[in-house]
Amino acid sequence: MLLGAIADDFTGASDLANTLAKGGMATMQFSGIGQEIPACEAGVVALKTRSVPVADAVTQSVEAVKWLLDAGCEQIIFKYCSTFDSTPEGNIGPVAEALLDLLGEETAVVCPAFPGAGRRLFMGHLFVGDRLLSETGMRHHPLTPMTDPDIRRWLAVQARYPVGSVTLDTVRDGAEAIRAAFAHERNEGRRLIVTDAVDDADLLTIGRAVAGQRLVTGGSGIAQGLPANFRAQGKLSASASEIPAVAGPAIVLCGSCSTASQNQVAVYAKNHPAFALDPLALMRGEITVDAMTRWIHEHKDQTPIIYSTAAPEAVSDAQARFGRETVSGRIEDFFARLARHLVDTGTSRVIVGGGETSGAVVEALQLPSLQVGHEIDPGVPVLVGWRSGHVGLALKSGNFGAPDFFEKAVAEVGRP
Ligand SMILES: Nc1ncnc2c1ncn2[C@@H]1O[C@H](COP(=O)(O)OP(=O)(O)OP(=O)(O)O)[C@@H](O)[C@H]1O
Ligand SMILES: O=C(O)[C@@H](O)C(=O)CO
């Protein structure tokens, strides 16, 4: 393995794995660490560290990176969300600083931009489409509400060391200019350097500038330019990886409350049986995995969707009654147990909406290694794992995908 990555959630991991696979690297996605490593050039370890306590996120990230280094990785990517999902405590700053220390690097780029999904960084400010981050639905995120679009200021609250900045004018001056700007920031004692990128060409330029740096941090966009650095050194094989076909019943599970997910659920529910999981009923123990499975099996020919997706007011109401972590945990746990029960009773294709939800589901399915296949929509590839048979998956980040994403995913997951 040449290039190793840790991602702070599972959909983020498959988003990054998708970028690396499209860049021509033989790529695997791992759930946690310690398993046997199949032959590959890039490996992305999916963690579930976005919303855990800071110390846990740091420990898990450091352990995973040590495992990747042992596997031979020359460069490490720390992948977080293209909407920089984090809180004033972390976890992006503390994890990035711990990795700098581990890797013996003084600086690392910080660039969440992903223009293909409308995330652009200009003058340190993050935009989603034509809106500042804090003016989008991210303001109401159930776990990491993003209320400040200035990534330099938001990261500075989390970080121990002063935060640096390289703006678009320098990026457009080319890779040498970026390297010089990084050196300047380092001399000023600034270690994490928020770097603007507005289009894919900017990300490719930044990719060239960070060739040879041990740590790169960002959204999946930052990885676009990295395969070329390894190819230029003659280190990549030419063969494309292939995934096996997976036939059999599919299920759609959505625990994401993002604006895009709300629309996608509504579109899918027009033509498929749909069950809205009510968090209050779940908390009262009125919905069981057994009962849900019976309902799903009755409708299995029409590929039903189960969703907890709800509007911000309903989410706040449930959180106010039971506490944010408690209600999130209960919903994630339900989806996880349901997915495991379904796969163990014949479902072979699982489409999940939401990063935390995907993490809970993949962990419950105990799929240590996932092969990365073709792209369904930007940032969402088809994945295939093994649990007493092949299991096809799509893990959709909350805000990714076209309105008809779930319909498309049902058609694409399982296709080799
Ligand atoms: N109706 C609800 N009320 C309260 N919390 C909910 C509700 N539905 C889902 N949740 C919780 O909100 C969180 C949503 O996070 P998740 O990462 O799955 O989606 P997302 O943030 O939209 O996706 P991504 O992280 O990929 O952008 C989960 O912990 C989930 O259990
Ligand atoms: O970067 C993104 O937006 C996604 O890969 C993600 O991490 C959402 O959970």
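Below, each value reflects all heavy atoms present in this structure, side chains not excepted, and no hydrogens, waters or symmetry copies. All values reported here derive from a predicted model rather than from experimental measurement.
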Shortest non-hydrogen pair, Asp200 vs Gly116, comes out as OD1-N, 4.5 Å
Less than 4.5 Å apart, side chain to side chain, heavy atoms only: is that true for Leu277 and Tyr307? no
In short, Ile37 meets Ala71 closest at the heavy-atom pair CD1-CB, 3.6 Å
Val315 versus His140: any side-chain heavy-atom pair under 4.5 Å? no
Does the salt bridge (Lys or Arg N to Asp or Glu O under 4.0 Å) test come out yes or no for Arg337 and Asp333, once each step is laid out? CA-CA 6 Å; Arg337 287 186 296 118; Asp333 177 64; 3.0 Å; yes
Full working for side-chain contact (heavy atoms from CB on, under 4.5 Å) between Val343 and Arg387: CA-CA 9 Å; Val343 169; Arg387 177 183 168 86; 4.0 Å; yes
Heavy-atom side-chain contact between Pro279 and Gln319 under 4.5 Å: no
I'd like to check Asp150 versus Met123 (side-chain heavy atoms, cut-off strictly below 4.5 Å). Are they in contact? no
Check: Pro249 and Ser348 side chains under 4.5 Å, non-hydrogen atoms: yes
Hydrogens and angles aside, do Thr11 and Ser14 bring a side-chain donor and acceptor to less than 3.5 Å of each other? no
Does the side chain of Val350 reach to within under 4.5 Å of the side chain of Val352, using non-hydrogen atoms? yes
Counting only N and O atoms by type, is there a donor-acceptor contact under 3.5 Å from the side chain of Asn91 to the main-chain atoms of Val52? yes
With side-chain contact (heavy atoms from CB on, under 4.5 Å) as the test, would you mind laying out the steps for Val361 and Phe10 before giving the verdict? CA-CA 10 Å; Val361 165; Phe10 277 62; over 6 Å; no
Verify salt bridge (Lys or Arg N to Asp or Glu O under 4.0 Å) between Arg160 and Glu97, making sure each step is shown before the conclusion. CA-CA 8 Å; Arg160 273 184 300 144; Glu97 289 182 336; 3.6 Å; yes
Student check: side-chain heavy atoms of Val413 and Val384 closer than 4.5 Å: no
Side chain of Thr147, backbone of Arg139: donor and acceptor closer than 3.5 Å? no
Does any N or O in the side chain of Asp8 come within less than 3.5 Å of the main-chain N or O of Thr49, such that one atom is a donor and the other an acceptor? no
Rounded distance [0.5 Å steps], CG in Leu16 versus CD1 in Ile77: 5.0 Å
For Arg349 and Ile251, run side-chain contact (heavy atoms from CB on, under 4.5 Å): C-alpha distance rounded to whole Å, both residues' side-chain angles, the deciding distance at 0.1 Å, then the answer. CA-CA 7 Å; Arg349 300 180 299 130; Ile251 185 73; over 6 Å; no
Under the 3.5 angstrom rule, does the side chain of Thr347 hit a backbone N or O of Ala250 as a donor-acceptor pair? no
Check Val380 against Ala394 and note the closest heavy-atom contact, atom names and distance. CG1-CB, 4.5 Å
Over 12 foreign heavy atoms within 6.0 Å of NZ, Lys300: no
Interatomic distance, CZ@Phe30 vs CE@Met1, rounded to 0.5 Å, equals 4.5 Å
For residues Leu192 and Ala96, report the shortest heavy-atom separation together with the two atoms involved. CD2-CB, 3.7 Å
Does a donor on one side chain sit under 3.5 Å from an acceptor on the other, for Thr217 and Tyr80? yes
Working for side-chain contact (heavy atoms from CB on, under 4.5 Å), residues Leu383 and Gln29: CA-CA 9 Å; Leu383 300 168; Gln29 176 168 331; 4.0 Å; yes
Find the distance between CD1 (Ile351) and CZ (Phe406) and round it off to the nearest 0.5 Å. 8.5 Å
Using a strict cut-off of less than 4.0 Å between a Lys/Arg side-chain nitrogen and an Asp/Glu carboxylate oxygen, indicate whether Glu74 and Lys235 qualify as a salt bridge. yes
Thr195 (side chain) donor-acceptor with Ile193 (main chain) under 3.5 angstrom: yes
Has Thr170 got a side-chain atom pairing as donor or acceptor with Val166's backbone, closer than 3.5 angstrom? no
Are side-chain N/O atoms of Asp290 and Thr288 paired as donor and acceptor at under 3.5 Å? no
Do the side chain of Gln224 and the main chain of Gly207 share a donor and acceptor less than 3.5 angstrom apart? no
The reported gap from OG1 in Thr293 to CG in Leu338 (rounded to nearest 0.5 angstrom) is 5.0 Å
Please determine, by modelled atom types, if Thr27 and Glu41 share a side-chain donor-acceptor pair under 3.5 angstrom. no
Whether the Lys396 and Gln264 side chains hold a donor-acceptor pair (N or O, under 3.5 Å, no angle test) is what I'd like checked. yes
What closest approach, in Å, do Thr326 and Met283 show between heavy atoms, and which atom pair accounts for it? CG2-CE, 3.6 Å
At what distance, to the nearest 0.5 angstrom, does CD1 of Ile151 lie from OG of Ser165? 11.5 Å
So which atom in Val198 and which in Arg172 form the shortest heavy-atom distance, rounded to 0.1 Å? CB-NH2, 4.0 Å
For Glu105, is there any backbone N or O sitting under 3.5 Å from a side-chain donor or acceptor partner on Arg191? yes
Specify whether Tyr268 and His272 have parallel, tilted or perpendicular ring planes, treating 30° as the upper limit for parallel and 60° as the lower limit for perpendicular. parallel
Inter-residue atom distance Ile296.CD1 - Leu342.CG, 0.5 Å rounding: 4.5 Å
Taking the six-membered ring for Trp, are Phe400 and Phe114 ring centroids under 6.0 Å apart? yes
Heavy atoms, side chains only, cut-off 4.5 Å: are Glu356 and Leu143 in contact? yes
Lys48: which of Glu332, Glu363, Gln60 passes side-chain hydrogen bond (donor to acceptor under 3.5 Å, both in side chains): Glu332
For Asp199, is there any backbone N or O sitting under 3.5 Å from a side-chain donor or acceptor partner on Asp202? yes
For the side chain of Gln158 and the backbone of Thr87, is there at least one donor-acceptor N/O pair under 3.5 Å apart? yes
